[in-house]
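Below: one structure, written as structure tokens.
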Amino acid sequence: MFPYYEQDWSVLPTENNRRFNPAFNMATIRQAFSEAVERVRMPTPTRLRDLIRQIRAARTAAEERAVVNKECAYIRTTFREEDPVWRCRNIAKLLYIHMLGYPAHFGQLECLKLTASNRFTDKRIGYLGAMLLLDERQDVHLLITNCLKNDLNSSTQFVVGLALCTLGAIASPEMARDLASEVERLMKSPNTYIRKKAILCAFRVIRRVPELMEIFLPATRSLLSEKNHGILITGVTLITEMCENSSDTLMHFKKDSGNREIVPNLVRILKNLILGGYSPEHDVSGVSDPFLQVKILRLLRILGHNDSDASEAMNDILAQVATNTETSKNVGNTILYETVLSIMDIRSEGGLRVLAVNILGRFLLNSDKNIRYVALNTLLRTVHADTSAVQRHRTTILECLKDPDVSIRRRAMELSFALINAQNIRTMTKELLLFLEKADPEFKAQCSSGMILAAERYSPNTRWHLDTQLSVLIAAGNYVRDDVVSSTIQLVSSSPALEQTYITNRFWESLQVANHCEDKQPLLQVAVWAIGEYGDMFMYGPNEDEFERPTESELIAMYHKFLTSAQVSITSKQYALVSLAKLSTRLQSCVEEVQALITSFGSHLNVDLQQRGLEFSQLFGTFKHLRPALLEKMPAMQVSRLSSQNGESSGSYDDNSPDLIENGLNDEQIANESNMNTMSENTNILLDLLGGTDLAATTPSTQVQKNNTLNANDNPTNNQDFLDLLGLDMSAITTTTTANVISNSLAGNMNNILVGMGSGSSTGGGIDGVGLGDLNNILTNAAVPNASTNGNDLSSIMAATNLISPAAIPLDTCHLNDPLTTTVASNSIVVPQGPKLTALNQNGVLVHLVPVRTQDGMQIFMTATNSSSSIVERFVFQAAVPRSFTLQMLPPSSPVLPPSGVITQEMRVASTSNAVLRMRLRISYVMDGVNVQEQTEISGFPDATPE
């Protein structure tokens, strides 16, 4: 054999280096020689490290783009010329360019070519490129499946590992189903490297396609008996994912191989890690394999959740981990953190929970802010499990309010609110007020609202509650939310007269401080409301606290300052203008000054203030006889909530609650509230009515009066939670909202501000053609009940006077046909003739539905008749419709159905689709002292879709 045929001697590349062959003629030699010459002529491509240097050396973004574009153009050229020599290097550079954020999609097919190569270096870059450049949206993604299947059967463990890593990273559901059997086979491989990679790939496949879990379930049985820590940690990870995704799989692992053997196995492994000797292979900062310990603790937490037997089996090992773990290094803190989470999540012993809370208390003293944040966050999640243990660290938690880190301050604030109770309310409020004064603006709104809720729930007495509300308004300034303003007004309204005088004097004192009017607009709004409402007691009432009272001229001068200041908001001026109008009936003199100041707003640039000025001016002229009655004191604020039944609140009151005792409700009031609570066995009757069906419901609105401020924490289910639970749309339910009547959003409604808790209805007809100049028309229409107006004209004020007793108006100003002396009409309606649908016929009670088509949908008239000799009381008719319909219910004509009597009620249904209308009805009443409740479903209505 001649030496130039040897491989080492040849100048040709390996793939073109051929030994002697008869077909190796001169043409072939000439072609090979030409290829070698072209390869020598082609410049060597830039190395990856040189490209990185060039990009880093670029001074501007334009220079960087120029370098990247030049290199991408060269790479495209080599791809078109099918150059296999430098393909691996070009793909590596392209991946770096992709990591910088530049487009690199044109290299996808070249990655596939590299994965098909027999060289390991090419496969490594090819699979890396596939993981970075391919996704399910690309058709090229499907072409790699066959290559992966071939490499999964390779004899080289590193090639198999590459294929498993790629499959776990980019597997689509179709690819996972095609290759799941291959992965399951490799999970049983004797090679620990391949087995570990296969378990991790199975973990990613299950996360991507959970239904493939059953394929890998048999292969997990022997994973916890392995000695190799790599297989152990991957096996625990796989089992954890299975248990989290499927409750059936969780029960399988608990009961597999005998009586709950998985927990003793995990306890044994964890004990060996803690008590075992030094192992340099797994030691991290003096702790033996902390990664495996954390994984085992997390799996134990899942297995012990709501399982007494499993929790008892792991109590001892958790105590050992909590006491034997070194805390000087961050590794030990990580294990302790997972231990605390496991202790608090399982049914552990009380002493173990105290130990866990004490560990978190030590975390709060750590100098590392991350550890302090983790401790606060964990305490916030576990405070309700063991409040007394967390209370021991209250001082440390309050110190965290002064931490320079904003995240720690936020968590400490939230945890402080969770720790407030009736015993520490004074101390906690004092600390939180100090925090509120110096807090960043982003904290003030949340902190002020939280303090208001806590004070409402745990206030020891009314005066302390009022002082706290005032302190919050002063400390929070303009960052106070609207709910704080309305809550404070409601609290003052429901307080005793002596306390109203006291807090009004305190409000006046706070307004004397410089910049309080501009920087604390919510305080200004509440203060002028209180001064206008209780101006007579403020100026002339008993002064037991010896406040320095202003003269009437000083008071008017202060109002003049508010109303003419450019720094005072329009909303605050609206409050002040209404308050000034009320003061005209409270003050003994200076009425002319008040009138002049109000009249000056008749030409104000703001339309709302101008309208208020004009309308109030009318009360000093033609209608001055109405001014005392219209501007009299508002009644105590009522609490309005979504009701589940006519005349019954959806919330329940505890007759022995501290709210009732502290505010001095008499026995009669408590008995009235008790009667309201016993109207039905279930106050949340709508929830039972709708019971899991896809329905939307509405009920007539009612008002529940309670002489104490409603606490947001008294009833864990508020109106919004109730709607979310039922899946109802708020727009489908029409209710009368009166709790926030003085909020900023309703500040433009004159009727609400003047009359306060006036009569309302869920629906009502409008009054057309009523203007400011037509006073006769206003008075004629004033007695129309449930009139819906915009509330911004004098007609709203006059219409609202149907609530005022005629005795409050001088006799000589009343006329025989004056609507103020008439009574409100009943809600009875005339039921039209038409086909009837029978909803109930039992115990002599017959309920018919008469549907009538309208242009907008359908009107349904309910008539209930009583053919028995007994009186039917507390008659409640409820209805629910599918979500594709909207239902509006008007109030019934009466809640009492006497013998041979009739109750009528109107419903209006609108359809948003061509669905068939069906109704689920619940009818309840009391007959002869027996509560009767019937539920039925009715259909057969005509098509409700508008033509």
Side-chain angles (χ1 to χ4, degrees), residues 7-8 10 12-18 39 42 44-52 75 78-79 81-99 104 106-135 138 140-171 175-176 178-179 181-205 228 230-231 234:
Q7 180 177 0
D8 297 337
S10 176
L12 298 177
T14 305
E15 59 270 17
N16 293 331
N17 182 22
R18 308 178 182 86
R39 188 171 292 104
M42 182 179 296
T44 304
T46 307
R47 294 181 301 175
L48 176 60
R49 66 182 65 179
D50 295 332
L51 176 63
I52 295 175
I75 293 174
T78 59
F79 287 167
E81 294 178 355
E82 294 290 336
D83 177 27
V85 177
W86 307 114
R87 180 180 289 145
C88 182
R89 178 180 292 185
N90 290 331
I91 290 295
K93 292 187 293 184
L94 191 62
L95 293 180
Y96 177 72
I97 291 173
H98 170 74
M99 292 167 61
F106 56 88
Q108 293 173 347
L109 283 175
E110 301 300 319
C111 292
L112 294 182
K113 294 177 181 177
L114 286 179
T115 58
S117 174
N118 293 325
R119 299 175 58 187
F120 176 76
T121 54
D122 289 348
K123 282 185 178 293
R124 183 176 59 184
I125 296 296
Y127 278 127
L128 178 60
M131 285 187 279
L132 291 177
L133 301 180
L134 298 185
D135 57 50
Q138 307 290 338
V140 185
H141 183 269
L142 302 175
L143 303 178
I144 201 174
T145 305
N146 189 53
C147 186
L148 285 173
K149 187 170 184 178
N150 293 335
D151 288 338
L152 288 176
N153 293 298
S154 174
S155 58
T156 306
Q157 63 175 358
F158 300 109
V159 174
V160 177
L162 282 176
L164 288 170
C165 288
T166 306
L167 176 60
I170 65 172
M175 185 185 297
D178 293 339
L179 300 178
S181 59
E182 297 291 334
V183 177
E184 192 269 340
R185 176 181 59 82
L186 293 175
M187 288 177 63
K188 302 175 183 178
S189 171
N191 189 315
T192 56
Y193 176 83
I194 295 177
R195 195 173 183 185
K196 178 179 65 175
K197 294 283 186 181
I199 296 171
L200 286 177
C201 182
F203 164 76
R204 299 296 294 271
V205 168
N228 184 279
I231 296 179
T234 53

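A quick note: this is a predicted structure, and the numbers were derived from the prediction, not measured.
Here the straight-line distance linking atom CG of L133 with atom NE2 of H98 works out to 5.5 Å at 0.5 Å rounding. The structure places CD of E110 at 11.0 Å from CD of Q108, a figure rounded to the nearest 0.5 Å. Here the straight-line distance linking atom CZ of R87 with atom OG1 of T78 works out to 9.0 Å at 0.5 Å rounding. Rounding to the nearest 0.5 angstrom, the gap separating the CZ atom in F120 from the CD1 atom in I125 is 10.0 Å. If you take CD1 on I75 and CZ on R89, they are separated by 11.5 Å, rounding to the nearest 0.5 Å. Within the model, atoms CG of L179 and NZ of K149 stand 7.0 Å from one another, a figure rounded to the nearest 0.5 Å.
Proximity of a side-chain donor or acceptor of K93 to a complementary backbone N or O of R47 within less than 3.5 Å is not detected.
K123 pairs with exactly one of D151, L128, N118 by the side-chain contact (heavy atoms from CB on, under 4.5 Å) rule, that one being D151.
Shortest non-hydrogen contact noted between S181 and D178 is OG-O, 4.3 Å. Contact between C201 and G168 at its shortest, heavy atoms only, is SG-N, 3.9 Å. Summarising the geometry of T46 relative to D50, their closest heavy-atom pair is CG2-CB, 3.5 Å, with the distance given to 0.1 Å. A169 and R204 get closest at one heavy-atom pair: CA-NH2, 4.3 Å. Residues T115 and G126 come closest through the heavy atom pair CG2-C, 3.5 Å. Minimum interatomic distance between L186 and L164 (heavy atoms only, all atoms of both residues): CD1-CD2, 3.8 Å.
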Apply side-chain contact (heavy atoms from CB on, under 4.5 Å) to I52 and Y96, showing your working. CA-CA 8 Å; I52 295 175; Y96 177 72; 3.7 Å; yes
Give the intermediate values and the outcome of side-chain contact (heavy atoms from CB on, under 4.5 Å) for residues N90 and F79. CA-CA 9 Å; N90 290 331; F79 287 167; 4.2 Å; yes
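Summarising the local packing, CZ of R185 is surrounded by more than 12 heavy atoms from other residues, nucleotides or ligands at distances under 6.0 Å.
Within the 4.5 Å cutoff, the side chain of D122 has no heavy atoms near those of the K113 side chain. Residues R195 and N228 form no side-chain contact, since every pair of their non-hydrogen atoms from C-beta on lies 4.5 Å or further apart.
Remark: F106 engages no residue in a ring pair (Phe, Tyr, Trp, His ring centres under 6.0 Å) (not counting sequence neighbours). By the ring pair (Phe, Tyr, Trp, His ring centres under 6.0 Å) test, Y193 is found to be paired with F158, residues two or more places apart in sequence or in another chain being considered.
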